[in-house]
Amino acid sequence: MQMDQLVALCKRRGFLFQSSEIYGGLQGFWDYGPLGVELKRNVREAWWRDMVTSQDELEVPPGAPSTYEMTGLDCTIIMHPQVWKCSGHYDLFHDYMVDCRESKRRYRYDQIQGRWAESDGKRVFVATNVSGDEGLEETQRKALKFFNLRAKNADRLQWGGPLVCLTTVENLAEVLGPDAKEPGTLTEPREFNLMFKTIVGALGGEEDTAFLRPETAQGIFVNFKNVLDSTRVRVPFGIAQIGKSFRNEITPRNFTFRSREFEQMEIEFFCRPETSPDWYKYWRDRRFQWYIDLGLAGDRLRLRDHDPDELSHYSCGTADIEYAFPFLADGEFGELEGVAHRGDFDLRSHMEGKLVRQGDQLVVEENEHGQPRHRGSGKDLSYYDDQTKERFVPHVIEPSAGADRATLAFLCEAYNEDEVPDEKGKLTKRVFMKFHPRLAPIKAAVFPLVKKDGMPEVAKEIYRTLKPHLTAFYDEKGAVGRRYRRQDEVGTPFCITVDGQTMQDGTVTIRDRDTLEQWRVSKEDCLSELQQRLKA
RNA sequence: GCGGGUGUAGCUCAACGGUAGAGCCAUAGCCUUCCAAGCUAUUGACGAGGGUUCGACUCCCUUCACCCGCUCCA
């Protein structure tokens with residue numbers, strides 16, 4: 001499938017539009033049209049129903065270490081700025097970057113190292129983006145080449161010290177970039193604000209700066225105690241939240257895949273530290289199965305465990321659920337959801353302050369005065385188990401899904417073309433969206449075969465009995481084959497047609513979108529027949 | 001952020017330094033008894049802003065957006 005065909009269909013049939021399109025659009029922002037909003041709503045509702053409201057806390061689910069409870073939350077997009085300082089986002093999301101005019105590469109300002117080299121009175125800072133002994137070798141090699149010296153003449157090269165960070169260099173004109181042949185090709189460092197800034201209060205100044213959340217998860221952590229105190233939930237339990245998040249993506253690309261405003265579906269699952277590895281496995285497999293059950297089966301979906309060196313400093317296990325989007329190169333996958341074991345990092349951060357790794361410990365990061373770099377809330381977020389009489393900080397498993405990415409994957413997976421015979425028996429191309437019935441924006445269309453002989457009246461009656469229970473669509477215009485095709489293109493799984501026989505025996509035909517098969521049911525049984533099949 | 005490409009009707013595509021055409025779709029009507037039929041009519045566009053010119057959709061500049069490659073991906 002070509003991505004542009006899907007993009008064209010999404011626009012043509014009202015799934016997705018570019019935001020602010022009449023003004024030329026805005027990079028990284030997308031709107032859901034009349035059908036898209038139904039599709040995405042169905043994705044969200046399937047997730048909420050399957051993860052939260054239908055969770056049976058009285059029975060141990062298959063694969064789970066024990067019973068557990070699920071509850072929900074809906075917190076604000078703008079939170080106290082300290083939330084983002086303690087979570088680590090504030091520091092991480094304010095990267096300074098330098099560009100190289102020669103190599104066209106971009107580097108994190110604080111990740112470039114180098115050392116001063118001098119030869120024949122010329123002095124230059126030789127930079128590299130590798131560190132340690134490799135960095136020493138690399139800079140040695142580069143310096144020799146730059147000064148046009150042979151290895152045996154290495155003694156004509158004087159080093160001004162060990163590897164130091166580029167941030168210590170005042171004049172970037174003296175810097176030989178990591179991939180450059182001449183010095184002075186690096187631009188001045190520029191700040192990348194990856195969190196959206198905003199101002200709280202009508203007269204707000206710089207000190208009233210707040211941020212639009214870059215993830216929904218932190219709202220769950222800061223409400224952890226509220227949920228505990230108000231609901232009688234007991235560990236192990238999960239808190240779920242669906243909501244918008246905002247990130248200033250450097251390169252928004254690939255349709256809605258990397259949007260700057262996007263929606264997340266996140267669970268923070270709290271459990272005893274010693275059971276956390278089992279819960280991690282449970283959630284990883286459970287979330288993977290969810291996508292399969294909704295139609296993303298096959299080679300295009302995969303579960304990928306992160307390599308140990310890929311893990312965040314606080315994590316003892318992370319897996320990505322990935323989909324081979326058509327806009328990616330062959331063999332490449334894009335992330336739909338990350339399932340992470342986060343230990344007690346988040347709750348501790350909001351208790352004690354921003355944490356950093358020191359050896360195999362997480363400790364509060366300190367500033368130059370020996371005080372916390374970002375002070376925590378000071379509130380006790382530990383949990384008291386009154387059965388075992390123990391107090392502990394729960395460990396957290398975080399399945400974090402992208403609602404827009406899931407929706408996009410379902411759209412990509414649904415796109416199908418086949419050939420069906422027209423009224424003369426000639427094969428013609430058909431485009432149909434093979435949505436899982438739970439996700440289809442329109443569940444059923446109702447047609448009179450022709451617009452006369454009392455058929456429209458019967459069809460309208462059926463339409464009205466369906467409408468309170470499911471999204472239905474009525475159409476009496478033009479040839480019935482055309483109406484079928486239109487519904488195929490928006491993925492309506494079932495079409496009900498009132499024909500001549502209906503007037504005799506009260507039965508109607510139901511047509512299946514994928515197989516084109518038709519069968520007859522009594523017009524009174526339409527609703528129950530559909531409800532039964534939509535559950536499948 | 002860099003390099004390359006693209007931007008004309010809802011979609012696909014024309015044309016021209018001098019009145020922007022077509023097909024499909026859509027809408028209305030006729031016809032039509034199961035998979036995009038036919039006939040008639042109708043709506044509808046030069047991404048935005050400057051400049052050159054008597055006159056710009058066309059040439060130039062700027063900008064916005066999309067696509068491809070690089071970079072980035074917290």
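Because the structure is predicted, anything quoted here is derived from the model rather than measured. Letters A, B, ... mirror the listed sequences (proteins, then strands); counts begin at 1.
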Subject >> Separation of the P atoms in B:rC11 and B:rC25, to the nearest angstrom >> reply: 15 Å

**OP:** Take the protein atom CZ of A:Arg511 and the nucleotide atom P of B:rU33, then report the distance between them rounded to whole Å.
**Re:** 19 Å

Subject >> Cationic tip of A:Arg260 above A:Phe246 ring, under 6.0 Å, 45° of axis >> reply: no

Original post:
Where the side chain of A:Trp30 is defined as all heavy atoms beyond and including C-beta, which of B:rC25, B:rU33, B:rC66 is the nearest nucleotide?
Top reply: B:rC66

Subject >> Contact under 4.0 Å: A:Arg485 side-chain N or O vs B:rA36 OP1/OP2 >> reply: yes

Original post:
Is A:Arg342 positioned over the aromatic face of A:Phe345, cation under 6.0 angstrom from the ring centre and no more than 45 degrees off axis?
Top reply: no

Original post:
Is there a donor-acceptor pair under 3.5 Å between the side chain of A:Thr515 and the backbone N or O of A:Glu517?
Top reply: yes

Subject >> B:rC59: pairing nucleotide in any strand, Watson-Crick or G-U under 3.5 angstrom >> reply: B:rG51

**OP:** May I ask you to check whether A:Phe257 and A:Phe325 place their ring centres under 6.0 Å from each other?
**Re:** yes

**OP:** For A:Arg483, answer base if it contacts any base atom (sugar-phosphate contacts may also be present), sugar-phosphate if it contacts only those atoms, and nothing otherwise; contact means non-hydrogen atoms under 4.0 Å.
**Re:** nothing

Original post:
With A:Lys523, which of A:Val498, A:Val458, A:Asp505 fulfils side-chain contact (heavy atoms from CB on, under 4.5 Å)?
Top reply: A:Val458

Original post:
Rounded to the Å, how far apart are A:Lys11 NZ and B:rA9 P?
Top reply: 9 Å

**OP:** Would you indicate, yes or no, if B:rC25 has its OP1 or OP2 atom less than 4.0 angstrom from a side-chain nitrogen or oxygen of A:Arg12?
**Re:** no

**OP:** Give a yes/no on whether any side-chain N or O of A:Arg253 is located under 4.0 angstrom from OP1 or OP2 of B:rC66.
**Re:** no

Original post:
A:Ile22 near the nucleic acid: base, sugar-phosphate alone, or nothing, with a heavy-atom cut-off under 4.0 Å?
Top reply: nothing

**OP:** Let me know, please, whether A:Val431 or A:Gly88 comes out on the 5' side of the other along RNA chain B by nearest nucleotide.
**Re:** A:Val431

Original post:
Has A:Lys429 got a side-chain N or O lying under 4.0 Å from the OP1 or OP2 atom of B:rA36?
Top reply: no

Subject >> Nucleotide B:rG29, atom C1' - distance to NZ of A:Lys452 in whole Å >> reply: 15 Å

Original post:
Which one of A:Glu365, A:His374, A:Glu366 satisfies the side-chain hydrogen bond (donor to acceptor under 3.5 Å, both in side chains) criterion with A:Lys354?
Top reply: A:Glu365

Original post:
Does A:Tyr23 make a side-chain donor-acceptor contact with the base of B:rC64, cut-off 3.5 Å?
Top reply: no

Original post:
NA contact type, A:Met195, heavy-atom cut-off 4.0 Å: base, sugar-phosphate, or nothing?
Top reply: nothing

**OP:** Can you tell me the pairing partner of B:rC31 across any strand shown, Watson-Crick or G-U wobble, with both distances under 3.5 angstrom?
**Re:** none

Original post:
Mind checking who B:rG3 pairs with, Watson-Crick or G-U wobble, both distances under 3.5 Å?
Top reply: B:rC68

Original post:
Are A:Gln501 and B:rU33 close enough that a side-chain N or O sits under 4.0 Å from OP1 or OP2?
Top reply: no

**OP:** Return the value, rounded to whole Å, for the distance between atom CE of A:Met3 and atom P of B:rC68.
**Re:** 9 Å

Original post:
With both distances kept under 3.5 Å, what pairs with B:rC11, Watson-Crick or G-U wobble?
Top reply: B:rG23

Original post:
Base, sugar-phosphate alone, or nothing: which one does A:Gln518 contact when heavy atoms must sit under 4.0 Å apart?
Top reply: base

Original post:
Contact class for A:Arg430 vs. all strands (heavy atom < 4.0 Å): base, sugar-phosphate, or nothing?
Top reply: nothing

**OP:** Report yes or no: is the cationic atom of A:Arg304 (NZ for Lys, CZ for Arg) closer than 6.0 Å to the six-membered ring centre of A:Phe333, at no more than 45° off its axis?
**Re:** no

Subject >> Gap between atoms NZ and P, on A:Lys451 and B:rU27 respectively (whole Å) >> reply: 11 Å

Subject >> Distance between C1' atoms of B:rA22 and B:rA28 (Å, rounded) >> reply: 22 Å

Original post:
Taking the P atom of each, how far is B:rC73 from B:rA65, in whole Å?
Top reply: 22 Å

Subject >> Nearest-nucleotide 5' precedence on RNA chain B, A:Ala329 against A:Gly25 >> reply: A:Gly25

Original post:
Is A:Lys477 touching bases, backbone alone, or none of the nucleic acid, heavy atoms closer than 4.0 Å?
Top reply: sugar-phosphate

**OP:** Mind calculating the distance between CZ (A:Arg260) and P (B:rC73) to the nearest angstrom?
**Re:** 15 Å

**OP:** Under 4.0 Å between any heavy atoms, over every strand shown, what does A:Asp453 touch: base, sugar-phosphate, or nothing? Just pick one.
**Re:** base

Original post:
A:Arg258 has an atom CZ; how far is it from atom C1' of B:rC67, in whole Å?
Top reply: 16 Å

Original post:
Under 4.0 angstrom, heavy atoms only, what part of the nucleic acid is A:Phe432 near: base, sugar-phosphate, or nothing?
Top reply: nothing

**OP:** Using the P atom on both, measure B:rG10 against B:rG17 and round to a whole Å.
**Re:** 26 Å

Original post:
Could you state the CZ-C1' distance from A:Phe327 to B:rC73, rounded to the nearest angstrom?
Top reply: 14 Å

**OP:** Give A:Glu21 one of three labels, base, sugar-phosphate or nothing, depending on what nucleic acid heavy atoms sit under 4.0 Å from its own.
**Re:** nothing

Original post:
Between B:rC70, B:rC34, B:rC35, which nucleotide gets closest to the side-chain atoms of A:Thr251?
Top reply: B:rC70

